[in-house]
There are 2 protein chains.
Amino acid sequence: MRLLLVEDDLELQGNLKKQLMLENYSVDVASDGESGLFQGTEHPYDAAIIDIGLPIIDGISVIKALRDKQFTFPIIVLTARDSWQDKVAGLDAGADDYLTKPFHPEELTARLNALIRRSVGQASPVIENGPISINTKSMSVSVDGSDVSLSSYEYKLLEYLMLHINEVKSKTVLTEHIYDQDFDLDSNVIEVFIRRLRKKLDPESKYGFIETLRGQGYKMKAFTV
Amino acid sequence: MRLLLVEDDLELQGNLKKQLMLENYSVDVASDGESGLFQGTEHPYDAAIIDIGLPIIDGISVIKALRDKQFTFPIIVLTARDSWQDKVAGLDAGADDYLTKPFHPEELTARLNALIRRSVGQASPVIENGPISINTKSMSVSVDGSDVSLSSYEYKLLEYLMLHINEVKSKTVLTEHIYDQDFDLDSNVIEVFIRRLRKKLDPESKYGFIETLRGQGYKMKAFTV
DNA sequence: TAAAATGTTCAGGTTACGTTCAGATTAAAT
DNA sequence: ATTTAATCTGAACGTAACCTGAACATTTTA
């Protein structure tokens with residue numbers, strides 16, 4: 001974990017850096033707003049600690065500038081003054097937390113840990129297979145980068161196949177996994193949905209995503225890109 | 001945004017609830033740890049505010065229990081005592097932030113806003129998506145640079161969708177996050193508000209911001225500028 | 001207190017989707 | 001080569017899900 005610490009009080013800066021390094025962080029320091037902002041845009045930080053009262057450029061402006069440039073790492077504001085307006089201004093500028101000096105170093109590290117824990121988070125729920133990509137969270141599908149809109153059941157079927165790439169799935173199995181209650185198995189719904197999927201995903205049949213294994217079922221072919 | 005407020009001082013509870021509702025939050029309250037814990041497990045909250053000193057079950061235990069049960073919404077701890085050990089204990093139990101009484105209500109709402117934004121991966125209080133831009137602080141909305149005035153519920157709905165861009169949200173989920181107490185789910189309020197939003201944000205339907213996924217819900221489409 | 005704005009319900013119109021069907025194609029079996 | 005069964009394919013249909021304008025109810029503002 002790499003941190004940026006922007007603090008003009010050199011004694012405090014040194015102490016905090018020491019404490020943070022004890023907690024196994026890598027720490028870069030800056031002593032004024034300008035170089036803090038520069039550093040923040042140049043390196044990939046996991047979090048930043050920024051004093052409000054800084055030479056050249058004040059802390060609030062640094063935070064605003066970073067957020068404007070779409071940097072999203074967590075930021076903790078340090079404020080010497082015990083004025084709640086300052087804290088609110090910091091949070092409104094895009095900071096995630098603040099600490100009022102003086103504070104116990106344990107407080108800083110506890111908050112840092114909580115913030116960083118939260119800012120990392122869920123892996124992206126995307127399944128890819130060659131030109132096909134599906135996002136299970138947004139239930140969206142794209143082929144060769146362009147979106148394809150599927151109906152509910154079309155999507156369910158595709159998702160199941162994408163989750164079992166290269167496995168042959170019989171119509172019975174597909175039916176069971178797509179419908180909750182048991183369903184009339186004499187129906188040809190699966191055939192119809194497979195047809196519609198093929199048409200939507202691959203109108204010119206140039207890929208042949210879904211293979212038919214007569215008597216056995218269907219298979220989503222694996223593409224080694 | 002739906003909040004849970006657990007506070008046994010009824011006067012403070014009332015004041016905070018009023019203040020939070022002014023900020024357009026839907027607020028459920030509890031006055032002891034036991035019912036707070038129960039409520040927290042029963043409804044889908046976007047954040048919780050929990051006092052440390054509570055009857056029946058103390059705040060720390062409530063937080064621990066919620067985190068044990070895998071609830072991940074942000075939690076802010078209120079502490080009457082000015083002891084940093086208490087704060088650290090709260091954070092270690094799984095809280096994301098704390099406030100020491102007495103505090104200014106503005107501080108609470110500023111921190112809440114920041115936390116909720118952060119919890120959905122949004123660092124800045126301004127959320128942009130193609131031609132739409134909303135400011136979660138001033139609750140103002142603009143499309144193509146010109147202001148659009150929304151009613152309270154219209155805004156709540158839009159904000160929730162903007163905080164979850166590209167995610168499909170069912171009418172049930174939308175209802176739960178927009179209203180506090182449970183609400184008649186047979187109603188078609190969501191449909192009506194979606195309709196009004198579409199009309200106000202995109203009168204000529206040239207953008208199609210909000211997509212309908214039949215049987216699943218609505219989705220705020222991501223615009224890659 | 002009246003008027004305006006907002007929230008909520010209602011009812012009828014519209015459409016997308018799931019489902020079925022029937023005939024055409026294809027592959028396997030004899 | 002002929003038969004048979006499995007799959008393909010386009011189209012049709014009925015039904016919820018959704019849309020939509022307006023009415024009614026409630027809260028806020030003047």
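Not measured: the values here are computed from a predicted model. What you see below is based on every heavy atom in this structure, not just the backbone, and it leaves out hydrogens, waters and symmetry mates. Below, chain A is the first sequence line, B the second, and so on; all start at residue 1.
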side-chain N/O [X] vs [N] OP1/OP2, d < 4.0 Å:
X        : N      : value
A:Ser187 : C:dT19 : no
B:Ser151 : C:dG7  : yes
A:Tyr179 : C:dT19 : yes

With sequence neighbours excluded, give me every salt bridge (Lys or Arg N to Asp or Glu O under 4.0 Å) pair touching residues 130-147 of chain B. A:Asp92-B:Lys137
Parallel, tilted or perpendicular, judged at 30° and 60°: which one describes the rings of A:Phe223 and A:Tyr207? perpendicular
Determine the interplanar angle of the B:Tyr45 and B:His43 rings, folded into 0 to 90°, and report it as parallel if under 30°, tilted if 30 to 60°, perpendicular if over 60°. perpendicular
Looking at A:Lys200, I'd like to know if its NZ atom is crowded, meaning that more than 12 non-hydrogen atoms belonging to other residues, nucleotides or ligands lie closer than 6.0 Å. yes
Does atom CZ (B:Phe38) have a neighbourhood of more than 12 heavy atoms from anything else shown, all under 6.0 Å? no
Using whole Å, report how far [atom1] of [X] lies from [atom2] of [N].
X        : N      : atom1 : atom2 : result
A:Glu211 : C:dT26 : CD    : P     : 17 Å
A:Ile210 : D:dT9  : CD1   : P     : 12 Å
A:Met139 : C:dC17 : CE    : P     : 13 Å
A:Leu197 : D:dT9  : CG    : P     : 13 Å
B:Tyr155 : C:dT6  : OH    : P     : 16 Å
A:Leu157 : C:dC17 : CG    : P     : 15 Å
A:Phe193 : D:dC8  : CZ    : P     : 15 Å

By side-chain contact (heavy atoms from CB on, under 4.5 Å) - contacts of [X] (at least two apart):
X        : result
B:Asp32  : B:Glu34, B:Ser35, B:Pro55, B:Ile56
B:Phe71  : B:Thr41, B:Leu66, B:Lys69, B:Phe73
B:Asn113 : B:Glu23, B:Tyr25, B:Arg117

Can we say B:Arg2 and B:Glu176 salt-bridge, meaning some charged N sits less than 4.0 Å from an Asp/Glu carboxylate O? no
For nucleotides 17-30 of chain D, just jot down a letter per nucleotide in 5' to 3' order: B, S or -, based on protein non-hydrogen atoms under 4.0 Å. BSBBS---------
Relative orientation of the end axes in the helix from C:dT1-D:dA30 to C:dT30-D:dA1, expressed as an angle to the nearest 10° (five pairs per end): 30°
